[in-house]
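Everything below concerns the one structure shown next.
All values derive from a computational prediction rather than experimental measurement. Within every chain, numbering begins at 1; the chains are lettered A, B, ... in the order of the sequence lines, protein sequences first and strands thereafter.
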Amino acid sequence: MKILVTAKRVPDPETKIKVNADGTGIEEAGIKWVVNPFDEIAIEQALRIKEAQGEAEVVIVSVGSSDSQEQLRTGLAMGADRAILVSADNPDPTVVSRILEKIVEKESADLVILGKQAIDDDSNEVGQMLAQRLGWPQATFISELEIADGGGSATCVREIDGGLETLSFPLPAVITADLRLNEPRYASLPGIMKARKKPMEEIDAASLGIELGRSVTIVSVEPPPERAAGRVVKNVDELIAALQGEAKVL
Amino acid sequence: MGNVLIYGEHAGGNIPKATAVAVGAAQQIAAASGGDTILALLGNDLGGVKDAAAQLGATKVVCVESADLEHETADIRTLTMKAVAEATGSDTVVFAATTAGKDIAPRLAAAAEAAIASDVTAVNDDGTFVRPMYAGNVFATVKLESDFKVVSVRTTAFEPVEGAAASASEDLSLSIEKPGNAVEFVKLDATVSDRPVLTEAERVVAGGRGLKSGENFTTVLEPLVDALGAAMGASRAAVDAGYVPNDLQVGQTGKVIAPTLYIGVGISGAIQHLAGMKDSKVIVAINKDADAPIFSVADFGLVADLFEAVPELTEKVKALA
Ligand SMILES: Cc1cc2nc3c(=O)[nH]c(=O)nc-3n(C[C@H](O)[C@H](O)[C@H](O)COP(=O)(O)OP(=O)(O)OC[C@H]3O[C@@H](n4cnc5c(N)ncnc54)[C@H](O)[C@@H]3O)c2cc1C
């Protein structure tokens, strides 16, 4: 079984993000870059499938600048077998899904696991787009996954607005990981040492024969509106008085 | 100009407010393009939902019924929505940014080679859209560079259409072949609650890790929730710890809410949580740590031990009634 997982390079979730001076993007100075937390969960899940199945290959893919090598090394140190960096300049989710389609075909993957969203642009789109392009079943926002029939099918539990939904489908398929699917392991020291020797292939997106132009243009970016500062109340009585009087919500 | 198609959600014979709000957003988009708004209802035996759908203010309701549409699986619904868009002359499809909308909308965008904007918070007159990024720390104005467009809209950012005349309703028969590798629905473990729906409630009381156990949610938080007639929400930490079910999670990766009154109890106020409740009208925080970041967005902050403050607040709220 071959499992393809993604690793997007994003700012650490603890980073305080600010819009840059000319309103074209974010202030990048001082940002610590990490693997998208949802992708880490996807990688962990692939590793667990491999461990359970005995035989499987976990291939980790990142689309973006060459800096993403760092995130691919993290995934390799966690235990992925090899990595593919597809260099592309500022791709939007549509472009990423086109690129991944080509990579999945080239690799003949049986299963693709992605994070449900990347915490930078918060789009929550690539997995669904990829599934459609491949004509594969999709299960998004999953919190449980069971592979059955020796890798022929899968059952997933999805976290949806109204509760938990269970779906089953044949493989190959695309699934997107939610927070509670697992708790990703840390890379061990031997893992980090081994990762240095694991293969990392570089592919230029321009060689894939696909449309690389963005379909979504970012015209401008702005910080959110500020909330007016509130105040501290001394006790429950003062709180109730404020909610009744000033705020008129009680 | 083309029409604007809305994906109509429904469950148990009811249409959620999210869909009513999506119709409101679609009307804004249609006002610029001059097209009609068309609400698509997909299902197996729609029954009374058709009448409910006709009250939401769309120009027309289009119903597609088939046994294959019994469940809300993305593969078959994508193919169906694409066919409905073609049949109705629609060039924009609007979804509510619910888990169903987020599941289907991007798949439809890929199927139609359409540009997509997810979680849209504003529709501009020049046809651009505004959407949050980086857990709401950045708002981007985006332009969709394709003739056919897909958007999902944040349900707290738009309003349902008020006082609309009943829409005409039409059945559309399509022959969509179910793919051989289609996803099969197995079951839904629905969260049952007598409380208001979290995303629609006027008042929300949310609990965090500070509650320390699921039992404390029941014995300490719930009496306040019910005294206020509120919905209950939670932080990710509280859900991860198993105190409450997943569908209570508020935040960047949970539900986005904007009630008139939000009370956060034992929640520190991480940016990922704030992303889901910052637009609430009045925010109250109860936390024993005066430095907790939630106080930076709170209109009224009470620095106190929740195990003392919450029961007292509950009793005093009850006494008001
Ligand atoms: C990719 C990603 C996505 C995320 N998405 C979300 C999301 O959608 N929603 C979300 O909520 N979080 C999300 N998080 C998690 C977020 O970063 C925080 O970890 C989480 O919100 C913390 O929850 P909490 O405030 O309940 O817990 P804590 O941060 O542990 O805070 C508990 C608070 O309770 C207070 N407290 C403790 N005891 C008492 C007492 N007796 N009386 C009064 N106060 C008390 C403490 O002072 C503290 O402030 C996400 C994180 C990541 C990395």
Side-chain angles (χ1 to χ4, degrees), chain A residues 13 17-19 26 93-94 97 117 119-125 128-129 131-133 135-141 143 155 159-170 179-180 214-224 227 230-233 235-237 239-240 242-243 247 249-250, chain B residues 11 74-75 78 98-99 102-103 106-107 109-111 115-119 128 132-146 181-191 236 240 245-247 252-253 260-261 272 278 282 284 297-303 309 312-313 316 320:
Chain A
I17 298 290
K18 287 203 189 76
V19 171
I26 60 163
T94 294
S97 72
Q117 77 193 67
I119 61 160
D120 50 2
D121 60 22
D122 281 333
S123 290
N124 193 334
E125 294 168 352
Q128 296 88 316
M129 289 174 168
Q132 172 62 31
R133 292 186 190 284
W136 288 6
Q138 77 184 42
T140 51
F141 327 143
S143 58
T155 302
E159 293 198 352
I160 63 169
D161 289 340
L164 296 169
E165 181 185 62
T166 308
L167 299 177
S168 75
F169 45 87
L179 292 169
R180 282 169 281 278
R214 290 177 67 101
S215 61
V216 179
T217 311
I218 297 183
V219 181
S220 61
V221 301
E222 276 180 63
R227 263 191 95 89
R231 66 184 172 88
V232 170
V233 293
N235 51 38
V236 169
D237 289 330
L239 176 61
I240 289 184
L243 292 178
V249 289
L250 264 191
Chain B
D75 40 15
T78 294
T98 55
T99 48
K102 290 178 192 166
D103 189 38
R107 188 161 180 139
I116 177 172
S118 291
D119 215 11
T128 57
M133 304 198 305
Y134 298 93
N137 281 307
V138 173
F139 280 78
T141 299
V142 298
K143 184 158 180 270
L144 302 188
E145 313 275 2
S146 62
N181 61 352
V183 165
E184 295 297 336
F185 171 87
V186 178
K187 64 171 178 165
L188 172 65
D189 294 307
T191 311
R236 173 191 171 184
D240 282 3
N246 66 283
D247 54 325
Q252 178 188 23
T253 55
T260 311
L261 174 62
Q272 293 86 4
K278 231 172 25 179
V282 175
V284 173
V297 299
D299 298 287
F300 306 108
L302 178 60
V303 182
E312 183 187 345
L313 180 58
K316 290 182 172 163
L320 295 176

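Only the backbone of B:A182 comes within contact range of chain A, with heavy atoms under 4.5 Å apart. Heavy atoms of B:A309 lying under 4.5 Å from chain A belong to its backbone as well as its side chain. Neither the backbone nor the side chain of B:D119 comes within less than 4.5 Å of any heavy atom of chain A. A:S97 does not touch chain B: none of its heavy atoms, backbone or side chain, sits under 4.5 Å away. The part of A:I240 that comes within reach of chain B is its side chain, from C-beta onward, which places non-hydrogen atoms under 4.5 angstrom from that chain. Residue A:P93: no heavy atom, backbone or side chain, is found under 4.5 Å from chain B. The contact between A:R227 and chain B is made entirely by side chain atoms (from C-beta outward), counting heavy-atom distances below 4.5 Å. Of the atoms belonging to A:E222, heavy atoms from both backbone and side chain fall under 4.5 Å from chain B. Heavy atoms of A:L239 lying under 4.5 Å from chain B belong exclusively to its side chain. With a 4.5 Å cut-off on non-hydrogen atoms, B:L313 touches chain A through its backbone and its side chain both.
Comparing B:P245, B:A140, B:S146 by how many heavy-atom pairs each has under 4.5 Å with chain A, the most go to B:A140. With chain A as partner, the option from B:T78, B:T253, B:V284, B:L320 having the largest number of non-hydrogen pairs under 4.5 angstrom is B:T253. Interface remark: of the candidates B:T98, B:T260, B:V138, B:V138 forms the most heavy-atom pairs closer than 4.5 Å to chain A.
A:P224 and B:G136 make their closest contact through CG-O, 3.3 Å (heavy atoms, listed as atom of the first residue, atom of the second, distance).
With sequence neighbours excluded, no residue forms a side-chain hydrogen bond (donor to acceptor under 3.5 Å, both in side chains) with B:D75. For A:Q138, the side-chain hydrogen bond (donor to acceptor under 3.5 Å, both in side chains) criterion is met by B:D103, B:R107, not counting sequence neighbours.
The closest side-chain heavy-atom distance from A:V221 to B:F139 is not below 4.5 Å.
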